[in-house]
Amino acid sequence: MLAEMLLYRLTRAEPWADALGYREGAVRLWSRYGRCKRAWAPHLANTRRVVADAAAAAPGRRTALVFGSGLLADLPLEALCTKFARVVLVDVVHLPTVRWRTRRLANVEHVVADLTGAAEGLASLPPGTPPEPGCRYGLDDPSVDFVVSLNIVSQLPIAPVERLETKCGWTEMLVEPYGRQVVAAHFAHLQAFAAPVCVVGDRARTFLDRDGKVFETEDALYGISPPQADEEWDWDLAPIGEHDRKYAIRNRVFAIRQLRDTHTIV
Ligand SMILES: C[S@@+](CC[C@H](N)C(=O)[O-])C[C@H]1O[C@@H](n2cnc3c(N)ncnc32)[C@H](O)[C@@H]1O
């Protein structure tokens with residue numbers, strides 16, 4: 001608890017990132033990773049392998065963009081740094097632990113950006129109409145040769161939806177289409193790149209009782225279906241006792257080595 005408090009204090013965050021709870025979320029992720037390392041290991045290794053393969057297949061060697069870099073636990077960072085002249089880590093918050101880890105990697109940059117394009121507008125609500133989700137980060141940079149969306153797509157709607165529910169009194173019925181818009185906008189953003197784009201993300205959350213029996217499944221992407229995955233696997237996100245004493249949470253993860261602009265996403 002003390003370590004989390006200290007890390008929170010040492011982490012710099014934009015006012016909108018604080019308003020939407022992103023700084024707190026980053027510290028929570030760090031703390032949970034510390035407790036769940038073993039359960040997460042297969043998922044993290046799978047993600048690193050898929051991203052490393054996709055990056056190796058990309059023909060260019062200039063700039064790699066990493067969307068949702070977070071703790072870097074699922075990123076083959078050294079492989080990217082060897083191949084690309086610039087590796088740009090994009091997230092709403094960069095923990096000091098992450099900045100420390102990359103301090104000797106001269107070609108790594110940390111960029112604070114909101115990939116929903118809506119966080120700043122949502123931070124000033126109410127009153128008013130919520131901003132339309134959509135982000136163009138990186139699209140104007142002709143040196144981009146590789147992009148990865150790194151276990152972030154299902155995370156993007158969480159804070160916006162929570163904001164609309166708590167500050168604007170939106171009901172589940174109202175927030176559903178907004179969450180869907182956020183997910184669709186992220187895929188549209190990725191599909192607008194000319195460079196190869198790799199996507200790893202979770203598409204479903206299952207809840208399991210103490211006997212390991214699934215009693216509920218939730219769509220993590222608000223009804224948006226990602227294109228046919230190259231690979232899928234389970235991610236034991238929260239073993240029994242982590243989130244709740246009575247149930248565990250398991251994510252179904254999809255991996256697409258190269259997203260095409262011709263892929264239909266509905
Ligand atoms: C489940 S983590 C991804 C795992 C991460 N690659 C790692 O190794 O820790 C989701 C990441 O998405 C980031 N994130 C959430 N909403 C975001 C947004 N609107 N824009 C950019 N990053 C966001 C979080 O800060 C977090 O680092």
Side-chain angles (χ1 to χ4, degrees), residues 7-8 11-14 16-37 39-52 64-77 80 87-99 101-102 110-123 130-131 133-138 147-164 178-179 181-183 185-186 189-190 198-203 205 220-221 235-238 243 249 251 253-255:
L7 186 59
Y8 181 84
T11 304
R12 276 175 278 142
E14 295 292 327
W16 53 262
D18 259 345
L20 267 78
Y22 289 124
R23 177 158 56 146
E24 219 179 301
V27 175
R28 258 203 320 266
L29 180 68
W30 174 83
S31 182
R32 181 176 272 192
Y33 172 60
R35 292 188 300 271
C36 302
K37 247 184 208 156
W40 291 10
H43 158 69
L44 299 176
N46 281 339
T47 306
R48 285 193 298 266
R49 174 180 49 77
V50 167
V51 176
L65 300 182
V66 180
F67 289 165
S69 47
L71 306 172
L72 310 176
D74 48 6
L75 185 69
L77 183 61
L80 292 194
V87 177
V88 184
L89 306 177
V90 185
D91 208 297
V92 275
V93 165
H94 296 282
L95 292 173
T97 46
V98 168
R99 291 183 189 274
R101 189 182 148 198
T102 55
H110 300 87
V111 169
V112 170
D114 160 38
L115 293 163
T116 69
E120 200 162 356
L122 286 165
C135 176
R136 293 192 47 80
Y137 181 83
V147 182
V148 56
S149 171
L150 195 62
N151 285 306
I152 190 185
V153 59
S154 69
Q155 300 299 297
L156 292 176
I158 293 177
V161 158
E162 217 171 271
R163 182 80 183 172
L164 290 169
Y178 196 79
Q181 262 182 286
V182 170
V183 173
H186 183 58
H189 180 199
L190 298 175
C198 169
V199 189
V200 182
D202 48 292
R203 59 171 182 78
R205 259 170 235 131
L221 300 181
W235 171 13
D236 282 316
L237 179 77
H243 184 77
I249 307 174
N251 287 347
V253 178
F254 68 95

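Whatever order the structure lists them in is the order used to number ligands and atoms, beginning at 1.
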Which residue and non-hydrogen atom of the protein lie closest to [atom], and at what distance in Å?
atom	value
atom 24 (C) of ligand 1	Asp91 OD1, 3.4 Å
atom 8 (O) of ligand 1	Asp74 OD1, 2.7 Å
atom 16 (N) of ligand 1	Tyr22 CE2, 3.6 Å
atom 17 (C) of ligand 1	Leu156 CD2, 3.6 Å
atom 19 (N) of ligand 1	Asp114 OD1, 2.8 Å

[X], any N or O under 3.5 Å of ligand 1 N or O:
X	answer
Leu115	yes
Gln155	no
Asn151	no
Leu71	yes
Leu29	no

Going by the atom numbers of ligand 1, which of them fall below 4.0 Å from some non-hydrogen atom of Ala73? 8 (O)

Element-labelled atoms of ligand 1 that are located less than 4.0 Å from some non-hydrogen atom of Thr116: 19 (N)

Below 30° counts as parallel, above 60° as perpendicular, anything between as tilted: where do the rings of Trp40 and Trp235 land? perpendicular

Heavy atom of Val92, distance to ligand 1 below 4.0 Å: yes

Measuring from the heavy atoms of Ala119, does anything fall under 4.0 Å of ligand 1? no

How about [X] and [Y]: do any of their side-chain heavy atoms sit closer than 4.5 Å?
X	Y	answer
Leu7	Pro96	yes
Glu120	Asp114	no
Leu221	Phe254	yes

Okay, side chain of His94, backbone of Val111: is any donor-acceptor separation there less than 3.5 Å? yes

Leu89 and its side chain to side chain contact (heavy atoms under 4.5 Å, CB included) partner, picked from Val66, Leu150, Leu80, Val112: Val66

Gap separating the CG atom of Leu75 from the CZ atom of Arg48, nearest 0.5 angstrom: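 Rounded to the nearest 0.5 Å, the CG-CZ separation comes out at 9.5 Å.
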
Nearest 0.5 angstrom please: Leu115 CG to Ile152 CD1, how far?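 Answer for the CG-CD1 pair, Leu115 versus Ile152, is 5.0 Å.
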
For residues Thr116 and His186, is any side-chain donor paired with an opposing acceptor at under 3.5 Å?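 The criterion, which ignores hydrogens and geometry beyond distance, is not satisfied for His186 and Thr116.
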
Whether the Arg35 and Ser31 side chains hold a donor-acceptor pair (N or O, under 3.5 Å, no angle test) is what I'd like checked. yes

Nearest candidate to atom 23 (C) of ligand 1, where distance is taken over non-hydrogen atoms, out of Ile152, Val182, Leu44: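 Ranked by closest heavy atom to atom 23 (C) of ligand 1, first place is Ile152.
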
Considering only heavy atoms, which of Gly68, Ala17, Ala113 lies nearest to atom 21 (C) of ligand 1?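 Heavy atom nearest to atom 21 (C) of ligand 1 belongs to Ala113.
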
